[in-house]
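See structure below.
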Number of protein chains: 2
Amino acid sequence: MNPSLSKGALSEAQEDYLKQILLLSSGGVGNLEPAMVSTQELADRIEVKPASVTGMLKKLAELGLVEYEAYKGVRLTEAGYRVALEVLRHHRLIEAYLCQALGYGWEEVHAEAERLEHHISEAFEARIAEWLGHPSYDPHGDPIPSARLELPAAAPSRRLTALQNGESGQVVRVATQDQDALNLLAQLGIRPGVGLEMLTLGPLAEGARVRVEQQRYLLPTYLAQMIWVTPVGGQDAG
Amino acid sequence: MNPSLSKGALSEAQEDYLKQILLLSSGGVGNLEPAMVSTQELADRIEVKPASVTGMLKKLAELGLVEYEAYKGVRLTEAGYRVALEVLRHHRLIEAYLCQALGYGWEEVHAEAERLEHHISEAFEARIAEWLGHPSYDPHGDPIPSARLELPAAAPSRRLTALQNGESGQVVRVATQDQDALNLLAQLGIRPGVGLEMLTLGPLAEGARVRVEQQRYLLPTYLAQMIWVTPVGGQDAG
DNA sequence: GTTCATATTTAGGATCTCCTAAACTTCAGG
DNA sequence: CCTGAAGTTTAGGAGATCCTAAATATGAAC
């Protein structure tokens with residue numbers, strides 16, 4: 001357990017590993033309860049070879065940021081969890097700021113935030129949080145850890161694919177970072193806050209037919225699973 | 001002359017070297033005409049050992065960004081000059097944005113900009129430039145290269161130390177990055193735009209006595225030299 | 001309980017940026 | 001011209017992060 005973990009101590013790569021361990025261990029992108037993350041999963045996410053992941057995990061374990069067991073997987077320690085939340089907070093505040101202050105589209109902000117998250121000061125973080133009014137969710141509907149690194153309670157929601165045919169809901173979260181998917185949704189006007197009606201959910205390869213405003217679209221099932229909604233009215237066109 | 005100099009090709013360190021070569025070659029911080037820069041000067045600025053500078057200069061020369069002659073010094077090529085101006089534009093736009101959009105003090109922005117300048121996209125640059133209304137000067141009065149990488153013509157100005165006793169001027173530029181000096185000036189309310197009267201310029205070790213608003217201060221000569229003014233009224237208290 | 005496909009680790013390298021120590025070049029003064 | 005101080009380069013290395021190829025562990029299917 002290295003004592004010198006005050007700040008700026010970690011490299012960009014190390015911060016990214018910790019962030020991805022957090023995201024992968026909390027069931028995809030959702031709420032969190034420590035699950036083991038495999039070398040392979042991390043390698044896929046970070047786009048690096050598994051051998052490189054092994055090396056990094058050993059280093060992070062030495063620093064007391066993860067518990068790593070060869071062939072078993074890795075889990076964040078309390079210290080590692082805090083670092084990961086800090087990075088996540090930076091990322092999501094930046095996304096929110098870019099949208100609200102600089103007019104970025106919500107589908108455009110991920111890449112920019114991905115780079116900036118490692119290079120802003122605590123002062124900058126505080127100023128944009130202040131400017132934004134200390135938001136709890138970013139433009140994708142992802143929860144933003146508070147300054148004290150607590151995650152806001154998530155409103156109850158279901159995947160779009162869990163809606164019955166004819167059921168309606170309001171989008172609360174778009175849990176993908178797939179740029180093509182985000183572009184598609186942005187183009188269709190499907191974003192957090194928008195109302196949606198599930199028309200029919202076909203077989204995996206067909207997809208989900210939905211209504212947005214006055215339009216009907218056929219979305220890939222994979223994508224429909226990434227859209228989280230709060231069920232609102234029932235069958236308004238069943 | 002490497003053809004692959006499109007973008008993102010350069011490391012942070014490489015960009016910094018190019019920027020510092022530009023700043024050092026243009027007579028301290030002012031206008032520009034290519035002068036040779038020595039290994040030692042660069043080492044001091046970048047806070048690295050001269051041996052490290054030699055290594056980097058060789059690499060930059062290979063990339064066609066500088067002309068380097070051992071024992072003689074280094075000079076930017078056309079390509080290197082463009083990269084340096086691009087970095088400088090990022091830096092100064094960020095400084096201006098932090099002051100105007102986020103309420104930073106003009107004395108606080110340098111360090112933040114120093115880190116961010118290497119990590120923002122062209123889209124981000126464009127958006128903050130737009131938000132700012134395409135300014136020509138940053139909060140310190142330093143010129144901001146345009147999007148086409150042209151430096152704005154500098155208004156005629158002199159160092160504060162060049163004023164006659166009793167002469168007044170308006171601060172147009174504070175050409176230091178010394179944090180203690182900036183803090184001092186900010187505390188005294190001496191910043192670009194403010195009027196100043198030279199009372200007496202004493203010997204080097206004594207400093208310059210100046211009037212700001214209703215106050216009189218004794219400034220270190222070193223600092224007074226970094227303050228550039230446009231002479232306005234003459235002897236209003238000679 | 002073998003066996004085998006998959007996942008993982010080890011071993012050995014490459015590149016980047018920085019370092020120290022030692023050798024060399026330059027140039028001004030005598 | 002010689003000398004010496006100052007500035008510069010060379011040589012050798014360190015740590016970070018990534019890579020490939022080869023060796024090894026795991027766990028499910030027979």
Side-chain angles (χ1 to χ4, degrees), chain A residues 2 4-5 7-21 24-25 35-75 80 83-84 87 114-115 117-119, chain B residues 2 4-5 7-21 24-25 35-75 80 83-84 87 114-115 117-119:
Chain A
N2 198 314
S4 64
L5 283 176
K7 197 68 51 149
L10 298 175
S11 70
E12 188 168 337
Q14 290 171 333
E15 289 183 351
D16 267 335
Y17 274 84
L18 294 173
K19 183 179 73 168
Q20 292 302 161
I21 293 169
L24 287 171
S25 69
M36 279 292 197
V37 175
S38 74
T39 302
Q40 186 70 58
E41 284 176 294
L42 275 170
D44 291 345
R45 272 299 186 97
I46 298 175
E47 301 197 89
V48 130
K49 292 290 176 293
S52 304
V53 173
T54 298
M56 181 58 93
L57 294 185
K58 283 182 174 173
K59 176 132 285 169
L60 291 173
E62 266 175 33
L63 293 171
L65 295 166
V66 302
E67 281 166 33
Y68 169 57
E69 205 175 341
Y71 293 101
K72 288 297 195 289
V74 71
R75 190 199 335 251
V83 173
V87 175
E114 198 69 20
R115 264 174 297 114
E117 64 187 5
H118 306 292
H119 303 288
Chain B
N2 197 314
S4 66
L5 282 175
K7 195 71 51 151
L10 298 175
S11 70
E12 187 169 339
Q14 291 171 334
E15 289 183 351
D16 266 335
Y17 274 85
L18 294 173
K19 182 179 76 168
Q20 291 305 160
I21 293 169
L24 287 170
S25 69
M36 279 293 198
V37 174
S38 75
T39 302
Q40 186 71 58
E41 283 177 293
L42 274 170
D44 291 346
R45 272 297 187 99
I46 297 176
E47 301 194 88
V48 130
K49 294 290 177 292
S52 305
V53 174
T54 299
M56 182 58 94
L57 293 185
K58 283 182 175 173
K59 176 132 283 170
L60 291 174
E62 265 175 35
L63 293 171
L65 295 166
V66 302
E67 281 166 33
Y68 169 57
E69 205 175 341
Y71 293 101
K72 288 296 196 287
V74 71
R75 190 198 335 249
V83 173
V87 176
E114 198 69 21
R115 263 174 299 114
E117 63 188 4
H118 306 292
H119 303 287

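Each chain gets a letter, A, B and so on, in the order the sequences are listed, and its residues count up from 1.
For B:S52 and C:dT17, the shortest distance from a side-chain N or O to OP1 or OP2 is not below 4.0 Å. Between B:T54 and D:dT10 there is no side-chain N or O to OP1 or OP2 distance below 4.0 Å. For the OP1/OP2 pair of D:dT17 and a distance below 4.0 Å, the side-chain nitrogens and oxygens of A:Q14 include at least one atom meeting the criterion.
Atom-to-atom, CG of B:L10 to C1' of C:dT17 comes out at 14 Å; the value is rounded to the nearest Å. The nearest whole Å value for the distance from the CE atom in B:M56 to the P atom in C:dC19 is 11 Å. For the pair A:E69 CD and D:dT26 C1', the interatomic distance rounds to 13 Å; values are reported in whole Å. Between A:L57 atom CG and C:dA7 atom C1' there is a gap of 14 Å when expressed in whole angstrom units. Rounding to whole angstrom units, NE2 of residue B:H118 and C1' of C:dT17 are separated by 14 Å. Atoms CE (B:M36) and P (D:dT8) sit 12 Å apart, rounded to a whole Å. When the P atom of C:dT17 is taken as reference, atom CD of B:E62 falls 12 Å away, rounded to whole Å. What separates NZ of B:K49 from P of C:dC18 is a distance of 12 Å, to the nearest Å.
Each of A:A70 and A:I46 was assigned the nucleotide of DNA chain D with the nearest heavy atom; the assignment lying further toward the 5' end belongs to A:I46.
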Nucleotide N/O to protein N/O under 3.5 Å, stretch nucleotides 22-25 of chain D:
unit_1, atom_1, unit_2, atom_2, d
D:dA25, O4', A:Y71, OH, 3.2

Below 3.5 Å is the cut-off: list the nitrogen or oxygen pairs between protein and nucleotides 11-14 of chain C, distance only.
none

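The side chain of A:K59 approaches D:dA16 more closely than any other nucleotide in the set D:dA16, C:dT10, D:dT8. Distances from the side chain of A:A13 to the nucleotides D:dC18, C:dT8, C:dC19 place D:dC18 closest.
For the pair B:E114/B:D16, a side-chain contact is recorded, criterion being any heavy-atom separation below 4.5 Å from C-beta on. Residues A:L42 and A:V74 meet the side-chain proximity criterion, which asks for heavy atoms closer than 4.5 Å. Counting heavy atoms from C-beta on, the side chains of B:Y17 and B:I46 come closer than 4.5 Å. Inter-residue side-chain proximity for B:M56 and B:V48 is flagged as unmet; no heavy-atom pair is nearer than 4.5 Å. For the pair B:L18/B:V87, no side-chain contact is recorded, criterion being any heavy-atom separation below 4.5 Å from C-beta on.
Considering only residues two or more places apart in sequence or on other chains, B:E67 meets the side-chain contact (heavy atoms from CB on, under 4.5 Å) condition with B:R75, B:T77. The salt bridge (charged side-chain N to carboxylate O under 4.0 Å, His left out) search around A:E41 returns none, not counting sequence neighbours. Partners of A:H119 under the ring-ring contact (aromatic ring centres under 6.0 Å, His included) rule, at least two apart in sequence or in another chain, are B:H119. Taking the salt bridge (charged side-chain N to carboxylate O under 4.0 Å, His left out) definition, one finds that A:E69 meets it with nothing, sequence neighbours left out.
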